[in-house]
Amino acid sequence: MTFWDKMQKVDRRILYVILVVFVCTGLFIPVKIPVEPDPSSKDFYATVMAIPEGSTVLVQTDWTNSTRGESMGHFENLMRLLMSKKLKFVFYSAADPVAPQVARTVITRINAERKADGLYVYQIGKDYLDLGYFANAEATNTNMGTDLRQAWANRTSKVPEGGEIDIFKTDVLKDIRKIGDCKMMVVVTASASIDIAIQRLANKVPITAMVTGVTGPGVLPFYQSGQVKGIAIGLKGVYDTEYLMANGINIKDGEAKPKVTWAKNSSVDKVAEGKTFARGNQYYGTLHVALVLLILAVILGNVGMFMSRRAARKGGE
Amino acid sequence: MNNSIFLLAQNTENFWRKLPGQGLVIWVIIGLLLGIALLFAFTQVPSNLRRWIIVGFTFFAGLPYVLAYLWPKPIGADLQNDIPRNMSEQIGFTINQAIDPVGKITNVLQAFLLGVGIFSLVRVHLTKVRRKSENWGFSTVLLVCFALMTTVGFMDWRQRKFMDDNGLLNEPANWGFFQYANDLLFEGMYQQMDSAMFSMIAFFILSAAYRAFRIRSVEATVMMASALILMLNLMGALTYAWGTGIENLVVQTGNPFFMNFKLNVMADWLRSTMQIPAIRAIDFGVFLGALAMGLRLWLGLEKGGVSS
């Protein structure tokens, strides 16, 4: 048996150990890597930053911790963006009963982070609303598009003054009559719930998305057609957003050349307050390591196959 | 001023929606009694007629959605707040108002299905434990965890909902037993196990990349080259270094054609020219199939399943 034959039959546990060691090492070395953000990420960031302060945004959060490597980074970035822009938001899930609780945990953490930084802390019933889980995404999105006030009728929320009031009497929704009055809908998802939202609501409210790397390619046709205004895809999308939050678009900031350039837009500010580089920065090095490992595995596997075949042919002759 | 108009808009009564008050309670009681009577009646229906009941319900549940899409309506009409001017508009308004209750009924049904699933799960595992069937220990663990999570989750929700008007429980410093227990079970265990399960995919991907991704044909070579460009484009450090090199080359040679060889440009071209049209073509076929299947289900033409 040649060296290459042995390589072909290497114990898979060795591969697993290599993966664990390299990936875990990457997690402990966060590096700020310069990137060229994807056009879809730039569109996402520019769309959020263009919303006037104090407006209301819908957040459909359909992810759970099974995809937290990507989705939690997306959701944290979204919360930091909305809070730094002083936008009000309503969050709910139409895909997973666990999703609202996961989102609540993140909001609590981001609020704690802002409190520690001396920034304004978002309050339920005043700055945001938690509507929980809706069991049927198709019917929920259709109802929201037909009549938001009927779809969410008789729902109440706690308010900072104490007690509960109708959600349409809170500061968040008091001026919202139909879904089109919301300036944007963001879908944070790891599933096809984004497709359902686009099909039912894309002509009624501007939709943007923060999706996993697996879901992303399926949403790109809707981005190309203009039905989705911007998408942050996968871990690269998380880091892109953080990079854009830190550097803005076409902002020179005392340097000879802007860190992020874009012919489509004159300039988009960086975020005014709070943390920018976070989970994306922490995981992005690991993504590099994992991709290098993956590429090496494909190359080594194929080289091994060719060498084994050649050795077998020579043996046959 | 505007706010009061909006609040009034929410409180309009129509055929499908009654306002809170004494009348509403009577309607709820009537609905409940009708529902129970209907359920009882369904159990008495001969089996040869059951198919037609299901077909009928499916048809009438789908009808508002189809009519709302097809029924002509005035351009820019606010179907919830405008007053219809003639019979045609009145029908259009009523159809659109019907979408909300039908949607809510499907939401309730979906939630009811969750309950049926839980009931079935508990029944199956209780039977296994009672009979001490194979692996009954796992069933015991499931039932204990289920009971624990439900109890703790419910108590935590109850305290937050009814006994915490000022939101004190949002601060961990004010937590009691049920908040800590819920945090341990949900955040500390369930969520971590969820992540751990999903992370195992990484091991399979690496193993598959090493053992199964073989270049045996021209198609496989093209696919691998495309995948390589897209994967390299995900690595910001490499894309940035490569791009800077290309930009320097363009400055030196004065030939902007080289800009096409930046990794992100190549990846964008692959995505927008190859990947997106292919996905769109697949989606087109899938949605045509879904439309045909939807029509067959709606019109009761589909054989098998619940309507057989």
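Letters A, B, ... are given to chains in the order of the sequence lines, protein chains preceding strands, and every chain is numbered from 1. Computed from a prediction, not measured in an experiment: that's the story for all the values here.
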Does A/E36 pair with B/K262 as a salt bridge, N-O distance under 4.0 Å?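 Between B/K262 and A/E36 there is no salt bridge, as every charged N stays at least 4.0 Å from the carboxylate O atoms.
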Is A/R68 paired with B/D194 through a side-chain N to carboxylate O contact shorter than 4.0 Å?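 No, no charged N to carboxylate O under 4.0 Å.
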Validation row: [X], [Y] side chains within 4.5 angstrom (heavy atoms):
X      : Y      : value
A/V98  : B/F186 : yes
B/I215 : A/M305 : no
A/D147 : B/D100 : no
B/Q191 : A/Q101 : no
A/V35  : B/Y240 : no
B/Y210 : A/V298 : no
A/H288 : B/L234 : no
A/I295 : B/L232 : yes

Neighbour count >12 (heavy atoms, 6.0 Å) for atom CE, B/M223: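 It does not: B/M223 CE has 12 such atoms or fewer within range.
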Do other residues, nucleotides or ligands put more than 12 heavy atoms under 6.0 Å from the CZ atom of A/R12?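 No, because the 6.0 Å sphere around CZ of A/R12 holds 12 heavy atoms or fewer from other groups.
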Will you find, in the side chains of A/T105 and B/E187, an N or O donor that is under 3.5 Å from an N or O acceptor?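 Short answer, yes.
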What part of [X] is in contact with chain A, defined as an atom under 4.5 angstrom from a non-hydrogen atom: side chain, backbone, both or neither?
X      : answer
B/F112 : neither
B/A202 : both
B/R211 : side chain
B/M224 : side chain

Would you check if the side chain of B/S195 reaches a backbone N or O of A/S66 as a donor-acceptor pair within less than 3.5 Å?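 The answer is no, because no donor-acceptor pair under 3.5 Å joins these two groups.
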Between B/K104 (side chain only) and A/T140 (backbone N and O only), is there a donor and an acceptor less than 3.5 Å apart?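 Checking the backbone N and O of A/T140 against the side chain of B/K104, no donor-acceptor pair under 3.5 Å is found.
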Would you mind telling me which of A/I33, A/T64, A/L294 has the largest number of heavy-atom pairs within less than 4.5 Å of chain B?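 Max contact count across the listed options: A/L294.
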Using heavy atoms and a sub-4.5 Å threshold, report which of residues 277-284 of chain B line up against chain A, by residue number.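 Answer by number: B/I279, B/R280, B/D283.
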